[in-house]
Structure formats: structure tokens, C-alpha cells
Amino acid sequence: MLPKTGKEARQQGLPRYFTGLLCKRGHLSERYAVGGHCVECDNKRERQESQRKATTKRYYERNKEKCMAATNRWKKSSGMAYEYTKRSRAKNPALIYFSNAKRHASKIKRTPKWLSAVDWFEIQSIYKYCSALRSIGLDYHVDHIVPLQGEIVSGFHVPWNLQVIHAEQNLAKGNKFC
Ligand SMILES: [Zn+2]
């Protein structure tokens with residue numbers, strides 16, 4: 001028998017617990033002692049992620065030239081957006097641009113130099129996927145699973161640290177990582 005709460009599970013050194021209640025997506029499933037995620041939700045997300053990754057990679061391999069050109073254009077224009085934010089901030093001391101510029105700067109700082117062209121293309125695809133959701137009125141954000149400016153640990157701006165989640169979930173998360 002699994003314990004009913006995460007705390008008990010952690011105390012007993014067990015990886016999972018079972019509340020006997022449905023998760024918010026309706027699974028009657030065990031939860032992870034660390035983080036408290038529903039196991040079925042996590043599995044589902046992982047399946048979707050790996051499917052999306054495989055599709056992206058396949059597409060990249062088939063359309064290398066086109067993808068590389070698109071990624072370069074995209075990298076350039078996000079660099080330009082950063083410069084613009086920096087300039088606006090210099091002009092406008094009211095700190096409204098500050099957090100944006102800071103976030104953007106940490107994105108650049110936390111992007112490893114060794115990312116491959118496929119990695120870059122994947123980052124771009126994730127952002128495009130998110131903006132497609134937003135364009136049909138769904139409020140989704142690209143989130144860093146381990147935050148770039150975390151309080152204890154800082155993550156990297158790499159495809160495997162990115163996830164597309166609902167804005168509400170993202171804002172609730174802030175710079176926390178559990
Ligand atoms: Zn679930």
C-alpha cells in the first residue's frame with residue numbers, strides 16, 4: 001500500500017504516493033513523491049514531447065537548407081528584439097522594460113555555444129508552436145522547466161529545458177523549480 005501524501009512517501013523513501021482522488025485531468029493515478037505530479041499526466045506529456053521531437057527532427061532532416069535559413073533569420077530577429085529592448089530601456093528609465101531585457105539577456109547568457117543546428121531549429125519550433133496556440137486565442141507561454149534565473153539552480157536555454165504550458169501555470173510557477 002502506498003502512502004496517501006507526498007510527505008509520508010518521502011519520509012518512507014518511496015518514489016510515489018496515491019491519494020485515491022482524480023487528478024485535475026481526471027486520472028486515477030499515482031503521484032510522484034517529489035513534485036507531486038500525476039504519473040499518467042507526466043507519461044502523456046513525455047509521449048507527446050518525444051513525438052513532437054521526432055517530427056521536428058524528421059522535418060529538419062528533409063528540409064535542412066530551408067530550416068537553417070529560417071533559424072538564422074529567427075536568431076537574427078530575436079537578437080534585434082533584444083537590442084531594441086535595451087535601447088528602449090536606456091531611453092525610458094521607468095523600469096517597465098527592465099525585466100524583459102533582463103530575461104532576454106539571461107536567455108542569451110544561458111544558451112550554450114555548443115547547441116547544434118537541429119537544437120536551434122527545435123527551439124524555434126517550440127516558440128512557433130506556442131505562437132500558433134496563441135494565435136488561436138489560447139494563452140500559452142514557453143516556460144523554462146529549470147528557470148534561467150532560478151533562486152537555487154539556474155537552467156539553460158536549450159530545447160530539453162523548454163515546455164509550452166498554460167500562462168496561468170507559468171505565472172504561478174515564477175522562478176520556482178520543484
Ligand atoms: Zn493526470
Side-chain angles (χ1 to χ4, degrees), residues 1-62 67 71 74 78 99-100 102-104 106-107 109-112 115-116 118-178:
M1 261 294 268
L2 285 172
K4 275 198 160 163
T5 65
K7 200 175 162 196
E8 285 171 274
R10 286 194 298 278
Q11 277 166 354
Q12 297 171 35
L14 294 167
R16 296 176 182 188
Y17 64 100
F18 184 66
T19 59
L21 302 168
L22 297 179
C23 84
K24 61 185 170 197
R25 290 186 188 81
H27 307 126
L28 186 63
S29 164
E30 293 169 5
R31 314 211 178 177
Y32 290 111
V34 180
H37 290 200
C38 158
V39 170
E40 208 155 313
C41 282
D42 257 30
N43 286 344
K44 203 172 151 197
R45 207 189 64 200
E46 240 159 71
R47 272 200 304 278
Q48 282 171 344
E49 280 284 286
S50 61
Q51 227 168 40
R52 189 184 50 70
K53 271 183 196 162
T55 313
T56 309
K57 190 152 186 199
R58 234 182 1 250
Y59 182 81
Y60 182 86
E61 295 301 338
R62 280 194 200 139
C67 293
T71 306
W74 178 75
S78 23
S99 72
N100 253 345
K102 199 169 146 216
R103 203 175 313 140
H104 212 115
S106 71
K107 218 186 256 176
K109 241 193 315 196
R110 303 296 295 168
T111 308
L115 280 188
S116 71
V118 185
D119 293 334
W120 271 108
F121 182 64
E122 203 181 329
I123 294 182
Q124 185 195 20
S125 308
I126 293 168
Y127 277 87
K128 277 198 168 161
Y129 169 59
C130 185
S131 72
L133 292 176
R134 297 183 68 81
S135 73
I136 55 170
L138 298 171
D139 198 8
Y140 277 79
H141 287 173
V142 176
D143 168 58
H144 292 92
I145 300 169
V146 182
L148 300 185
Q149 311 172 59
E151 281 157 23
I152 302 164
V153 283
S154 293
F156 284 102
H157 189 55
V158 290
W160 51 93
N161 190 33
L162 296 175
Q163 60 180 350
V164 176
I165 59 175
H166 196 270
E168 249 171 53
Q169 230 180 323
N170 188 24
L171 297 175
K173 198 181 145 214
N175 274 354
K176 286 192 288 294
F177 169 64
C178 34

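Whatever order the structure lists them in is the order used to number ligands and atoms, beginning at 1.
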* **Worked verdict on Phe18 versus Leu28 for side-chain contact (heavy atoms from CB on, under 4.5 Å)** => CA-CA 9 Å; Phe18 184 66; Leu28 186 63; 4.1 Å; yes
* Aromatic ring pairing Tyr60/Phe121, orientation class (parallel under 30°, perpendicular over 60°, tilted between) -> tilted
* To do: Give the intermediate values and the outcome of side-chain contact (heavy atoms from CB on, under 4.5 Å) for residues Ile145 and Trp160.
  => CA-CA 9 Å; Ile145 300 169; Trp160 51 93; over 6 Å; no
* Asked: What is the number of protein N, O or S atoms that sit under 2.8 Å away from the Zn ion (ligand 1)?
  -> 4
* Asked: Where is the tightest heavy-atom contact between Ala33 and Arg10, given as atom of each residue plus distance?
  -> O-NH1, 2.6 Å
* Structure fact -> Heavy-atom nearest pair, Ile123 first then His157, reads CD1-O, 3.9 Å
Return all side-chain donor-acceptor pairs below 3.5 angstrom for residues 49-56, not counting sequence neighbours, or 'none' if the list is empty.
residue : atom : partner : partner atom : Å
Glu49   : OE2  : Arg52   : NH2          : 3.3
Ser50   : OG   : Glu46   : O            : 3.3
Ser50   : OG   : Arg47   : O            : 3.1
Thr55   : OG1  : Gln51   : O            : 2.7
Thr56   : OG1  : Arg52   : O            : 2.7

